[in-house]
Amino acid sequence: MVADSVPPMNRSPIDVAFTLNGLEVAISIDPAERLLDTLRYRLGMTGTKEGCGEGECGACTVHVDGIPVNSCLIPTYQMRGTRVRTVESIDPADVSALLGSGATQCGACTPGVVMTAVWVWEHPELLESHTLRQLMAGNLCRCTGYDGIIAGVGQTLEENGR
Amino acid sequence: MTVFMPTTLTEALEIRCAEDATPMAGGTDLLVHWPEQLERHDRDYLDLWGLDELRRIEWSDDMLELGALTTYWDVVTDARVGAAFPLLVDAARQVGAVQIQARGTWAGNIANGSPAADGVPVLMAYGGTVVVASSEGHREVPLERFYSGYKEMDLTPDELIVAIRIPRRTYRHQRFIKVGLRRAQAIAKVGAAMVSNGSGWRVVASSVAPTIRRCPTIEARISNGQPLGSPDDLLPAIRTDVSPIDDLRSTAAYREQVMSRVLYYAIEEMNHR
Ligand SMILES: Cc1cc2nc3c(=O)[nH]c(=O)nc-3n(C[C@H](O)[C@H](O)[C@H](O)COP(=O)(O)OP(=O)(O)OC[C@H]3O[C@@H](n4cnc5c(N)ncnc54)[C@H](O)[C@@H]3O)c2cc1C
Ligand code: FES
Ligand code: FES
């Protein structure tokens, strides 16, 4: 279910401060707001998408303190003092391999796929204990059949020397 | 909806005692379909996420202690835990995917009380105990005695789970089994955790009874030295220990059959190693 706007605040607001893509943010939020809603409707960061709203699809993936999480399952008040990073912080040039490999068709899953891919690229040591498919398992895609995603993520790893 | 955001455990326990507020840990159970769960918006919450003192993995001579905010990912990435308690890592790696593992807590898995949980069976097989606290003090309950019925547990409204303790023992065999619809992002239809120290087995079953539970009849049957001829030889013991149901994920008949087979082949394989 996607809200058109932030719900009216009929409860006492909570003040929350965190960093978003490196910039300090200090806002008043509705206690019922999920990080996903805060990003999209209060902060205008609409790159992060809502798919399922139940933690299954990963379309809403962002990094909190450097780890991918589902922003649809996080109460914004828990972001006090954290570092939040969204797809808006990513330089398109850095994900060009995904374009060439057929990793995206309709694009609904892509912002989430990109955030998990970026995390894998930044932590190639994870591949000593996990396969690429295991690391990407929290990002569902209805279009590509996954091979293009895995190929694009793998190609960038190789270009980075892994 | 009021959210209490204590910064110390003492403060959190005072709030827990004074207010009717639902504890919020990683939120991976509580926030599912949140926009539609309007009745949940009318509750008050006690946010545990700011309690750094519950974020710890500590070793002593005879046990491992996980603070209540320990996540699956904390365990997956801790080589020492993996070496001493491999089933914790096996189970953690099969909970959702990294996005869930990074937020979901072991204590939340216990308190959520799902009969299909993956964290609970491995903790129970290892003889884990739950440390609960209130303003009055602490107590420790063996996990295998924590549940009394579907989502019913030995936790009063003024208490919080503060830690999980796991005794350090030597095992000859240990195995975690999860049968779901697919490998990632699936809830167990049948699950089991089993350990043996060479003289006897501890077997814990999930998704086949109102609670996750130890299976004393199965344990006796496979520890008594009488060889098993086929998976069906386990069915009478399985029927004594558990009572699977038909639900959206599977049927009772399927669950019994699959339980007998996964246990049988796991034991065969381990005995021949
Ligand atoms: C997509 C998805 C996939 C999942 N896959 C699996 C899976 O494969 N296996 C599995 O077992 N689970 C799975 N889960 C369920 C969930 O992730 C786990 O149960 C997790 O361990 C819950 O922990 P949490 O910290 O997020 O709990 P929360 O949602 O914060 O809380 C859960 C319950 O525990 C209570 N609680 C939390 N901490 C405490 C405490 N310290 N003291 C007292 N009460 C407390 C809360 O009040 C609430 O009732 C999945 C969930 C999702 C959304
Ligand atoms: S919208 Fe968050 S996981 Fe699907
Ligand atoms: S490109 Fe359409 S869902 Fe992935």
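Numbers restart at 1 for each chain; the letters A, B, ... are given by sequence-line order, proteins then strands. None of the values given here were measured: they were computed from a predicted structure.
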Inset, instruction - For each of B/Thr28, B/Val76, B/Thr2, B/Asp47, tally heavy-atom pairs with chain A at distances under 4.5 Å, and name the one with the top tally. - result: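 Answer, by heavy-atom pair count under 4.5 Å with chain A: B/Asp47.
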
Are the side chains of [Y] and [X] in contact, using a 4.5 Å heavy-atom criterion?
X	Y	value
B/Pro35	A/Arg34	yes
B/Leu31	A/Pro75	yes
A/Tyr77	B/Tyr45	yes
A/Gln78	B/Leu48	no

Legend entry - With B/Asp42 via side-chain contact (heavy atoms from CB on, under 4.5 Å) - residues at least two apart: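 Applying side-chain contact (heavy atoms from CB on, under 4.5 Å) to B/Asp42 gives none.
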
Inset, instruction - Between chain B and each of A/Ile74, A/Val64, A/Ile67, A/Thr61, count heavy-atom pairs under 4.5 Å; write down the option with the most. - result: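 Among the listed options, the one with the most contacts to chain B is A/Ile74.
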
Legend entry - Which atoms of B/Ala79 approach chain A - backbone, side chain, both or neither, heavy atom under 4.5 Å: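 Neither part.
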
Inset, instruction - Could you please spell out the steps behind the side-chain contact (heavy atoms from CB on, under 4.5 Å) verdict for B/Met5 and A/Val16? - result: CA-CA 11 Å; B/Met5 296 181 284; A/Val16 182; over 6 Å; no

Has [X] got more than 12 heavy atoms of other residues, nucleotides or ligands less than 6.0 Å from its [atom1]?
X	atom1	value
A/Asp91	CG	yes
B/Arg172	CZ	no
A/Arg142	CZ	no

Can you say whether [X] sits under 4.5 Å from chain B via the side chain, the backbone, both, or neither, judging by heavy atoms?
X	result
A/Ser129	both
A/Arg133	neither
A/Met115	neither

Legend entry - Residues of residues 86-113 of chain B with any heavy atom under 4.5 Å of a heavy atom in chain A: B/Arg93, B/Ala97, B/Val98, B/Gln99, B/Ile100, B/Ala102, B/Arg103

Legend entry - Results of salt bridge (charged side-chain N to carboxylate O under 4.0 Å, His left out) for B/Arg175 - residues two or more places apart only: B/Glu269

Inset, instruction - Report yes if the distance between the aromatic ring centroids of B/Trp73 and A/His130 is under 6.0 Å, otherwise no. - result: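 When the ring centroids of B/Trp73 and A/His130 are compared, they turn out to be within the sub-6.0 Å range.
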
Legend entry - Listed once per pair and sorted, the side-chain hydrogen bond (donor to acceptor under 3.5 Å, both in side chains) pairs that draw on residues 95-107 of chain A, sequence neighbours left out: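 Listed once each, the pairs are A/Thr104-A/Thr110.
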
Legend entry - Value rounded to 0.5 Å, distance of CE in B/Met1 from CZ in A/Arg11: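 Taking CE in B/Met1 and CZ in A/Arg11, the distance rounds to 6.5 Å.
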
Inset, instruction - Give, for atom CG of A/Asp37 and atom CH2 of B/Trp34, the distance between the pair rounded to the nearest 0.5 Å. - result: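 A/Asp37 atom CG to B/Trp34 atom CH2 measures 10.5 Å (nearest 0.5 Å).
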
